[in-house]
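From a predicted model like this one, the values you see are computed outputs, not experimental measurements. No hydrogens, no waters, no symmetry mates; every other heavy atom, side chains included, goes into these values. Labels below follow one simple rule: chain letters A, B, ... track the order of the sequence lines, proteins then strands, and each chain is numbered from 1.
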There are 4 protein chains.
Amino acid sequence: MSIASLSSIQESPSRSYPLVSRQSHPNDTVVTVGAARFGGGHFAVIAGPCAVESREQILETAHGVREAGAQMLRGGAYKPRTSPYDFQGLGEGGLELLALAREETGLPIVTEVMDSEDISLVARYADMIQIGTRSMSSFRLLQKVAQTGKPVLLKRGMQASIREWLLSAEYLLANGNDRVVLCERGIRTHDSEFLRNTFDLSAIALGHLETHLPIIADPSHGTGRADLVPTMSLAAVAAGADGLILEVHHNPAEALCDGRQSLSPATFTELCSRLSAYVDLEGKQWSPFCLAG
Amino acid sequence: MSIASLSSIQESPSRSYPLVSRQSHPNDTVVTVGAARFGGGHFAVIAGPCAVESREQILETAHGVREAGAQMLRGGAYKPRTSPYDFQGLGEGGLELLALAREETGLPIVTEVMDSEDISLVARYADMIQIGTRSMSSFRLLQKVAQTGKPVLLKRGMQASIREWLLSAEYLLANGNDRVVLCERGIRTHDSEFLRNTFDLSAIALGHLETHLPIIADPSHGTGRADLVPTMSLAAVAAGADGLILEVHHNPAEALCDGRQSLSPATFTELCSRLSAYVDLEGKQWSPFCLAG
Amino acid sequence: MSIASLSSIQESPSRSYPLVSRQSHPNDTVVTVGAARFGGGHFAVIAGPCAVESREQILETAHGVREAGAQMLRGGAYKPRTSPYDFQGLGEGGLELLALAREETGLPIVTEVMDSEDISLVARYADMIQIGTRSMSSFRLLQKVAQTGKPVLLKRGMQASIREWLLSAEYLLANGNDRVVLCERGIRTHDSEFLRNTFDLSAIALGHLETHLPIIADPSHGTGRADLVPTMSLAAVAAGADGLILEVHHNPAEALCDGRQSLSPATFTELCSRLSAYVDLEGKQWSPFCLAG
Amino acid sequence: MSIASLSSIQESPSRSYPLVSRQSHPNDTVVTVGAARFGGGHFAVIAGPCAVESREQILETAHGVREAGAQMLRGGAYKPRTSPYDFQGLGEGGLELLALAREETGLPIVTEVMDSEDISLVARYADMIQIGTRSMSSFRLLQKVAQTGKPVLLKRGMQASIREWLLSAEYLLANGNDRVVLCERGIRTHDSEFLRNTFDLSAIALGHLETHLPIIADPSHGTGRADLVPTMSLAAVAAGADGLILEVHHNPAEALCDGRQSLSPATFTELCSRLSAYVDLEGKQWSPFCLAG
């Protein structure tokens with residue numbers, strides 16, 4: 001169905017998301033990336049550093065998270081930073097290191113694209129492309145990322161409403177790509193003294209009513225604090241999350257970004273072992289040690 | 001220690017909460033109201049209608065929630081309503097009906113006080129006094145409610161910061177009352193299209209680091225939707241809640257307030273049976289059927 | 001018309017404000033307090049300290065603001081403070097000092113009531129009673145303050161919507177008091193790094209479409225910074241404010257509260273002289289020096 | 001000075017904006033685009049439709065705003081729309097129509113670029129490039145737009161802090177372009193029932209303390225209502241705005257976007273004549289009829 005005809009059949013076309021809606025597609029969509037499966041009763045964990053910093057860092061962290069039970073590796077090569085004087089990522093060098101880590105561990109990789117002109121480069125390396133919180137409303141970027149055919153991880157904008165988030169997903173599906181995983185990562189509210197963001201777990205429960213797409217949670221950004229990530233990971237599972245994306249760094253105290261919210265591999269390992277019981281209680285399938293065998 | 005001397009020993013006296021802080025009191029405080037115990041590994045459920053409406057309504061609901069596993073009954077006799085033309089509660093008549101329901105079911109009751117001049121009346125009937133979200137910063141009300149010696153349920157202000165919430169609890173403790181249970185009930189944010197409030201479950205996890213007081217969750221107001229209350233109740237438990245307060249009405253479609261977010265007794269019963277496994281996983285004690293035997 | 005009958009004639013009674021609405025009362029309401037007139041083309045300025053601190057402080061400030069052009073004196077005897085360890089006001093002693101300042105300067109006084117049990121005391125001293133931002137939704141307090149018959153200054157709740165603010169005014173009118181002046185004082189948003197609140201001047205322009213009641217602005221709380229108060233006072237006038245309420249302290253550096261946002265009498269004098277041209281441009285009447293002659 | 005060396009001399013490099021700061025550049029920067037001058041005591045008005053829709057529409061509106069007193073024409077060729085099914089702009093066809101309108105009226109044009117791959121095309125047509133509210137944190141887009149050397153209109157992100165806005169401007173200056181005009185356009189808050197955004201005029205007054213760059217206001221998006229645009233335009237001038245950007249459509253009722261907040265040419269003309277007195281009172285230079293002679 002063309003976009004034009006979809007538009008004409010909607011009563012209020014500017015506000016609805018026919019392709020994303022569960023009304024038009026009652027069954028859960030399952031998105032598969034390597035050994036990771038999201039949705040339809042499947043659960044998976046993505047872990048890794050905020051930014052790729054060095055060969056040693058990404059390899060050590062990748063091995064650590066794989067052993068603990070992650071199915072995918074995350075890591076930023078292009079980093080959106082509020083200040084022009086902050087570390088902006090290693091660019092293509094970072095992508096190469098991610099590919100090396102994949103080769104060594106077998107973990108598929110997800111990494112962010114910030115700019116249209118980087119899409120083809122990023123798509124050559126990544127198994128899944130992340131649209132970051134600041135890009136959720138970069139609609140032409142969405143269109144072009146959709147057209148790569150790669151699975152997409154769509155983070156909720158920090159100031160976006162749930163409807164706007166679903167409409168951004170609609171941009172992806174309307175451009176021919178339904179391999180979309182939504183990610184709740186906290187919203188900006190009046191209170192950020194103790195917590196970086198307000199982690200909106202109800203958006204996951206509500207999201208499952210509204211859409212057939214899988215929804216995962218990012219408690220690292222959702223809270224901004226490593227000491228709260230384990231508890232809020234369990235809460236996210238209980239709220240219905242189909243997976244987690246977690247910042248893990250082999251040495252959080254030395255991280256070039258987001259160290260305060262990064263788990264060490266040891267803490268991540270401990271979290272994975274607690275997590276299993278909650279995933280089981282939800283009746284979902286997770287194979288935390290499937291790659292370690 | 002007098003308030004004056006506490007003030008003088010604080011570096012920034014306006015921002016700290018010495019009595020509420022876990023630093024000054026490392027062990028969990030347990031608050032007991034009848035058979036309900038909150039904190040220190042104990043878990044309890046408070047249930048009942050938004051407002052007391054009639055003899056039949058409160059008795060039928062009270063019996064229903066007692067059988068399902070609640071340890072306490074909630075119900076408003078004085079209702080803060082945005083419009084002067086909305087139902088404002090039955091006043092003392094409502095308190096009498098709550099007392100009758102307690103007599104019939106054995107459930108202790110919690111009800112809100114909105115105004116200083118009602119405190120002595122409410123304290124004669126209630127086993128626990130609720131400070132509502134709109135009154136969290138009514139500081140003289142806090143002082144006077146503290147002085148009744150009754151246990152207090154302190155709801156978070158809908159746009160209060162976590163620090164302000166803890167400082168309101170400090171008003172209670174500084175006035176000689178440490179039988180305080182905090183309650184997260186959702187905050188007001190930019191997005192209220194699908195959800196009445198943004199349910200800030202991280203505030204519970206963070207709260208347990210900052211204070212020794214028990215913290216419960218109100219998913220009814222936190223989401224505003226009966227269809228999300230069960231899932232978000234489970235998530236609240238996983239986030240560390242020491243109890244839940246839930247709106248239950250024997251006939252939600254006919255409720256004079258908050259019908260959209262009220263569970264039927266049947267749904268509440270089903271939720272209680274699912275809840276047990278999550279409470280167990282947290283290593284907490286809950287006796288859902290303790291009163292039914 | 002009784003409240004019950006009003007309720008029955010409204011299509012959505014919980015959301016409308018028949019008495020406050022301009023639809024039911026097309027002409028501007030003018031509220032007069034001594035020499036101060038608000039609304040209907042009249043403009044007045046209220047000035048004075050955050051809190052009454054001492055005889056010297058309130059008298060010196062009162063004389064200063066009277067000479068500069070204020071028509072009313074403000075000053076808190078009961079102060080709502082986030083921490084129980086902060087200065088809470090002088091109570092009745094503060095009211096006596098306000099009365100003394102009125103006697104010496106001729107300026108009528110406005111002061112806040114925080115608690116029902118203080119209303120009759122405050123009403124004995126005050127010419128106008130202020131409902132503070134934290135009390136806008138203390139509905140029983142509103143009812144009782146209305147019943148004193150005194151003019152009321154109703155500040156907008158820091159988290160209130162415009163509709164909720166108008167509905168709180170409806171509580172006053174529905175209880176027989178139409179001598180109500182609304183006051184925009186800034187709302188709480190995601191950004192409070194440079195500015196204490198977000199000063200919502202559009203709420204004044206919008207408010208004039210919705211209601212016949214006068215609306216004034218409080219740039220002291222609206223910005224939280226003395227260096228921005230003059231500019232934002234001019235902007236408030238251009239947005240249609242029918243008056244201003246400004247914090248002025250004879251020695252801001254020594255103020256017990258809100259010193260950072262308080263003007264000195266000299267700065268206040270300079271502001272009044274700039275203000276006249278903007279009030280003129282709006283076609284409003286202000287007699288800044290009427291009392292000085 | 002290179003970016004690296006700037007970084008090393010900052011105590012907290014991630015949070016400061018050395019090039020944008022008024023501390024490092026005490027005098028106002030003046031940005032000139034054709035006959036329009038912004039800053040340093042100069043005031044100018046940009047007007048035009050939300051989106052370029054047709055030859056007739058843009059020419060008629062351009063003539064109308066020029067006659068009324070605008071110095072620049074606005075109009076979107078690439079429109080960021082929340083839904084993929086809404087009108088997305090005419091693309092290059094829209095740029096051609098803007099160029100035609102410039103040819104006919106002499107008004108320089110400002111138009112938005114949403115995506116890196118459109119920059120060189122847009123830069124061929126536009127006299128000034130707009131970074132829209134959704135792109136304020138698209139940092140690579142900022143870098144590339146800066147490098148065109150064209151003047152840049154940088155709108156504040158709808159939930160950006162003031163600091164983040166200034167840091168985005170720092171990206172432009174750090175990439176060699178200091179022809180930057182900031183634009184306050186309203187922020188997203190808890191209340192959007194009557195007003196599309198909360199128009200943060202204090203950000204203009206505060207901004208003038210923090211930075212030497214000119215700051216203009218967009219009351220069309222700031223309020224979302226044509227009936228409030230005139231009043232809030234005056235308020236913006238009083239708050240210190242160095243110019244205005246206003247949506248004007250020759251037939252608002254038929255506009256393909258933002259019709260509800262668009263002025264007709266007649267209303268715009270009336271506003272310009274009222275505006276002069278306020279600009280004069282600020283001691284600023286505006287030549288509303290300079291092009292009409």
Checklist line | Per-residue contact mode, A:S138 against chain D (heavy atom under 4.5 angstrom) | finding: side chain

Item checked: A:S21 side chain reached by A:Q23 side chain, heavy atoms, under 4.5 Å -> yes

Margin query: When you compare the side chain of D:I129 with that of D:L153, does any pair of heavy atoms fall below 4.5 Å?
Written below: no

Item checked: D:D218 bridged to D:R185 by N-O distance under 4.0 Å -> no

Notebook entry, point to check: Would A:H249 and A:E53 count as having a side-chain donor-acceptor pair, cut-off 3.5 Å?
Noted result: yes

Note to self: Let's test your reading of the structure: which of D:M158, D:K144, D:M136 forms the most heavy-atom pairs below 4.5 Å with chain A?
What the structure shows: D:K144

Next item on the list: Under 4.5 Å heavy-atom distance to chain A, tell me which part of D:Y78 shows up: side chain, backbone, both or neither.
Entry: side chain

Next item on the list: Anything in residues 112-126 of chain A with a heavy-atom distance to chain D below 4.5 Å? Please list those residues in order.
Entry: A:M114, A:D115, A:S116, A:E117, A:D118

Notebook entry, point to check: Using 4.0 Å as the upper bound for N to carboxylate O, is an ion pair formed by D:E164 and A:R188?
Noted result: yes

Next item on the list: I would like to know whether A:E184 and A:K155 meet salt bridge (Lys or Arg N to Asp or Glu O under 4.0 Å); could you show each step before the answer?
Entry: CA-CA 6 Å; A:E184 159 61 30; A:K155 290 208 160 185; over 6 Å; no

Checklist line | Pairwise side-chain contact, D:H221 with D:F199, heavy-atom cut-off 4.5 Å (strictly under) | finding: no

Margin query: Looking at chain A, which one of D:R134, D:R140, D:H190, D:Q88 has the largest number of heavy-atom pairs inside 4.5 Å, strictly under?
Written below: D:R140

Notebook entry, point to check: With a 4.0 Å cut-off, would you call D:R196 and D:D258 a salt bridge?
Noted result: yes

